[in-house]
Amino acid sequence: MTTRHVPVAIIGAGPAGLTLSHLLHLDGVESVVFETRTRKDVEETVRAGVLEQGTLNLMRATGVGERMEKEADIDEGIEISLDGHRTRIGLTEHTGHHMAVYAQHEYLKDFIARRLADGGEILFETTVDSVIGIDGAADGDVCTLQYTDAEGTHTLTADYVVAVDGSRSQFRGLILEQEGAIRARHDYPYAWLGVLVHAPKTNPELIYATHDAGFALISTRSEGVQRYYLQCNPEDTEEEWPDERIWEELHKRVDSEGVTVQEGEIFEKSVLRFRSAVTSPMQRGRLFIAGDAAHTVPPTGAKGLNLAVADIAALAPGLIRAVKDKDTELLDQYSDIALPRIWKAQHFSYWMSSMLHAIPGESPFEAGRRRGELRSVLESEAGRKYLAEQYVGRDLPTFPDK
Ligand code: DHB
């Protein structure tokens, strides 16, 4: 029996894996995507919902933007509220760019539909058990993947393997075994309770609200579904947040002149942990990691998906050249190309988080300094512009029209 061969094996059908598979296909490089979860699970898991300009550019330029264009909320600004006084950050005014509020699972639905329409292979409910041969350096060397689905265990060979299997990545360990490889980490003393609500919009634009009682964020999903977040303790469970407590805290933290948090039926509640982590390098031989498998950002600013897409924008051209021309020069620069951007996004997410959250038990000095920092940013034209640039995303990857 001959073992099937593909140029690129992709482990994980999240934003990174599906975007990569699509970009490779557009350049004539085929791949197989392995995903342990069901298609339904992938398409329904609730995640963040902000797409940076670079992500929007990629969707539009590669023919996956049609539904997003119709359904997403295109926003030209955000508001930041300090004790009920709101300041608008004009994203378009300061940068010429905008962002879109479009849920991550909608992004995934669009890419899954497009990959399947293009004849792409996404193996749902299939687990990759092992990858061997990643260090093979000779021309013609391949990796061997063993994987299991409902029918049993199989093998496949690939020139390159990309593990985009999320923050609990099963394959990151192989990268970290290399001498000099590190995973830099930071934990935060707060978390978010995220809720989905059947209610009309609270405000035309997102509101990031800081208050003595803690942070709150008003976002949206559609005219009739809103996404709200409340700062909570990392140990909190959903049971500690009955609906009445959620409404009381949201009103306290967000309501201000002209804005009243719109209430409705809460149909989803979950606690989101805050963590930062960066793995470097992001390559070992023929194995690459990207997205959450390589790094985690705290949710403030919603950089996670965008960073995963930016990793792929850095990785795809190298893989395409390696597969088509047998030239790995660009591919071997992947970590060096991706990491500076990752650290900038880490900094932004950390900075926004630290500036907007009250730390439980913080000293009067630290609380005052933190608010002084936020005021300095909000009251300065340069400060607002800096925030706007980081928020919409800089160093936009460019894509040729297809
Ligand atoms: C959303 C999440 C975020 O973390 C953020 O900064 C803005 C919006 C959201 O889920 O809509």
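Start at 1 and go down the list; that is how both ligands and their atoms are numbered.
With hydrogens left out, the protein atom closest to atom 11 (O) of ligand 1 is Ser219 OG, 2.6 Å, a heavy atom. In terms of protein heavy-atom proximity, atom 1 (C) of ligand 1 is closest to Tyr229 CE1, 3.8 Å. At the shortest separation from atom 8 (C) of ligand 1 among protein heavy atoms lies Val50 CG2, 3.4 Å.
The two residues Thr157 and Thr144 have their closest heavy-atom pair at CG2-OG1, 3.8 Å.
Here the two rings, on Phe274 and Tyr190, have centers that are under 6.0 Å apart. In summary, the aromatic rings of Tyr350 and Trp343 are positioned with their centroids too far apart to meet the 6.0 Å limit.
Heavy-atom contacts of Pro299 reach the following atoms of ligand 1: 3 (C), 4 (O), 6 (O) (cutoff under 4.0 Å). Of all atoms in ligand 1, listed by their number and element, those nearer than 4.0 Å to a heavy atom of Tyr208 are 5 (C), 6 (O), 7 (C). The contact set between ligand 1 and Trp192, taken as ligand atoms under 4.0 Å from a residue heavy atom, comprises 4 (O). Close approach of ligand 1 to Gly49 (heavy-atom distance below 4.0 Å) involves ligand atoms 9 (C), 10 (O), 11 (O). Residue Leu206 approaches ligand 1 through these ligand atoms, each under 4.0 Å from one of its heavy atoms: 7 (C), 8 (C). Near Gly301, with a cut-off below 4.0 Å to any heavy atom, the atoms of ligand 1 are 6 (O).
Remark: the Thr148 side chain and the Asp129 side chain contain an N/O donor-acceptor pair separated by less than 3.5 Å. Side-chain polar atoms of Thr210 and His357 form no donor-acceptor pair below 3.5 angstrom. Between Glu240 and Thr237, the side chains place a donor N or O and an acceptor N or O closer than 3.5 Å (distance only, hydrogens not considered).
Only one option out of Arg245, His251, Lys252 pairs with Glu249 in a side-chain hydrogen bond (donor to acceptor under 3.5 Å, both in side chains); it is Lys252.
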From CA spacing to verdict: ring-ring contact (aromatic ring centres under 6.0 Å, His included), Tyr188, His186: CA-CA 7 Å; Tyr188 300 76; His186 181 75; 4.6 Å; yes
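Residue Met352 places no heavy atom under 4.0 Å from ligand 1.
Under 4.0 Å from ligand 1, heavy atoms of Ala302 appear from its side chain as well as its backbone.
Among the atoms of Arg47, none of the N or O lies under 3.5 angstrom from an N or O of ligand 1.
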